[in-house]
Amino acid sequence: MPAYAFRPLTSADLPQMRRWLAQPHVAEWWGEPEAQVRLVADDLREPAMKQFIVALGERAFAYIQCYDPDDWPPQPFGPQPAGTCAIDQFIGEPDMVNCGHGSAFVRAFADRLIEAGAPRVLTDPDPANRRAVRAYEKAGFRSERLVDTPDGPALLMRRDA
C-alpha cells in the first residue's frame, strides 16, 4: 500500500485549496468554491477542526478534515461513543481520481485515528455520490442510515475500532 503523508493545512495552502475546490469533480459535491475556501480558512482558527493536506511522495493531491461531531451542534449523527471522530475529504488533483487513492488514504487516516484511541470514525457522503460511498466501503466503512444534515440528506457511514 502506498505511504500517504498527512500534514496540517496552513494558510499557505489556501491558493491550492481554492484551485482544488474549483475542480468540477469537487465542486459538484462540496458546493460553491469561494464559500468553501472561506469555511476552510475560518476553520484554520478553529481548534476543534483538524485539517490536513494529503500527499503521496512529494505530491500533494487531497484534503481531509476530522473533528469530534459533538463539537459541531446540532450534529445529526445521534449519540456516539466518546472520542468518535468524523471525517470529510476530497481528492483535488483530477488525475488522481479513480486510481484507488481515495479508499487507500481514507483507510490509512482512519487507521491512525483508531490507533490513537478513537472508538469510531464517521463520514457522511451525499448518498448520490456513489464514487465516495464506494471508496468509504473499500476503506472499511459500513453504511448505517440516512441522516438530515444542514447540507441536505447524507449517508451516515461508520468504521469501528
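Side chains included, hydrogens not; waters and symmetry mates left out as well; all remaining heavy atoms used.
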Give the C-alpha distance, both sets of side-chain angles, the deciding distance and a yes or no for side chain to side chain contact (heavy atoms under 4.5 Å, CB included) between I91 and F105. CA-CA 10 Å; I91 294 175; F105 85 76; 3.8 Å; yes
For a side chain to side chain contact (heavy atoms under 4.5 Å, CB included) check, start with the C-alpha distance between L44 and S11, then their side-chain angles and the critical distance, and finish with the verdict. CA-CA 8 Å; L44 284 171; S11 58; 4.2 Å; yes
Verdict with reasoning, V40 to D42, per side chain to side chain contact (heavy atoms under 4.5 Å, CB included): CA-CA 5 Å; V40 168; D42 288 348; over 6 Å; no
Hey, mind stepping through L9 and M17 against side chain to side chain contact (heavy atoms under 4.5 Å, CB included) and telling me if it holds? CA-CA 10 Å; L9 181 85; M17 288 295 294; 3.8 Å; yes
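With contacts defined as side-chain heavy-atom distances shorter than 4.5 Å, the pair V26/Q36 does not qualify. Contact annotation: the side chain of P119 never approaches that of D160 to less than 4.5 Å [non-hydrogen atoms, C-beta and beyond]. Residues P125 and M157 form a side-chain contact, since some pair of their non-hydrogen atoms from C-beta on lies under 4.5 Å apart. In this structure, P127 and V133 have side chains that are not in contact, with every pair of non-hydrogen atoms separated by 4.5 Å or more. Residues L56 and M96 are in side-chain contact: their nearest non-hydrogen atoms beyond the backbone lie under 4.5 Å apart.
Legend: residues meeting side-chain hydrogen bond (donor to acceptor under 3.5 Å, both in side chains) with R130, ordered by chain and number and at least two apart, are absent. Residues passing the side-chain hydrogen bond (donor to acceptor under 3.5 Å, both in side chains) test with E32, sequence neighbours excluded: none. In this structure, the side chain to side chain contact (heavy atoms under 4.5 Å, CB included) partners of N98, at least two apart in sequence or on a different chain, are R131. Residues meeting the side chain to side chain contact (heavy atoms under 4.5 Å, CB included) test with A128, sequence neighbours left out: W29, D126. Residues that satisfy the side-chain hydrogen bond (donor to acceptor under 3.5 Å, both in side chains) test with Q75, not counting sequence neighbours, are D70. Residues passing the side chain to side chain contact (heavy atoms under 4.5 Å, CB included) test with W72, sequence neighbours excluded: D43, E46, A48, M49, Y67. Take F90 and apply the ring pair (Phe, Tyr, Trp, His ring centres under 6.0 Å) test, not counting sequence neighbours, and it matches W30, Y63. Q16 pairs by the side-chain hydrogen bond (donor to acceptor under 3.5 Å, both in side chains) definition with nothing, not counting sequence neighbours.
Summarising the geometry of Q23 relative to G92, their closest heavy-atom pair is CG-O, 3.5 Å, with the distance given to 0.1 Å. Counting all heavy atoms, side chain and backbone alike, L21 lies closest to A27 at O-CB, 3.5 Å. Between A110 and R159, the shortest heavy-atom contact is CB-NH1, 3.3 Å. Summarising the geometry of V106 relative to I87, their closest heavy-atom pair is CG1-CD1, 3.9 Å, with the distance given to 0.1 Å. Closest approach of P33 to A22, counting heavy atoms only: CG-CA, 3.8 Å. Nearest heavy atoms, S103 versus G100: OG-O, 3.4 Å.
Other members of a hydrophobic cluster containing L39 are absent, since no ILVMFWY side chain comes under 4.5 Å of it, directly or through relayed contacts.
Between D13 and R18 there is no salt bridge, since no side-chain nitrogen of the basic residue lies less than 4.0 Å from a carboxylate oxygen of the acidic one. Electrostatic pairing of D68 and K50 does not count as a salt bridge here, judged by no charged N lying under 4.0 Å from a carboxylate O.
Among pairs with a residue in residues 40-59, those fulfilling ring pair (Phe, Tyr, Trp, His ring centres under 6.0 Å) read F52-F109, at least two apart in sequence or across chains. Applying the side chain to side chain donor-acceptor pair (under 3.5 Å) definition to pairs two or more places apart or across chains, those involving residues 81-94 are R19-E93, W20-E93, Q65-D88, Q89-Y136.
For the atom pair OG1 of T10 and CD1 of I53, the computed distance is 8.0 Å after rounding to the nearest 0.5 Å.
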Which pairs would a plain distance check flag for residues 137-146, meaning a side-chain donor or acceptor within less than 3.5 Å of a matching protein atom at least two apart in sequence or in another chain?
residue	atom	partner	partner atom	Å
E137	OE1	R134	NH1	3.4
E144	OE1	R158	NH1	2.8
R145	NH2	F77	O	2.6

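Residues L113 and Y4 fall within the same hydrophobic cluster, defined by Ile, Leu, Val, Met, Phe, Trp and Tyr side chains chained together at heavy-atom separations under 4.5 Å. No continuous path of hydrophobic side-chain contacts links I64 to V37 [ILVMFWY only; heavy atoms under 4.5 Å].
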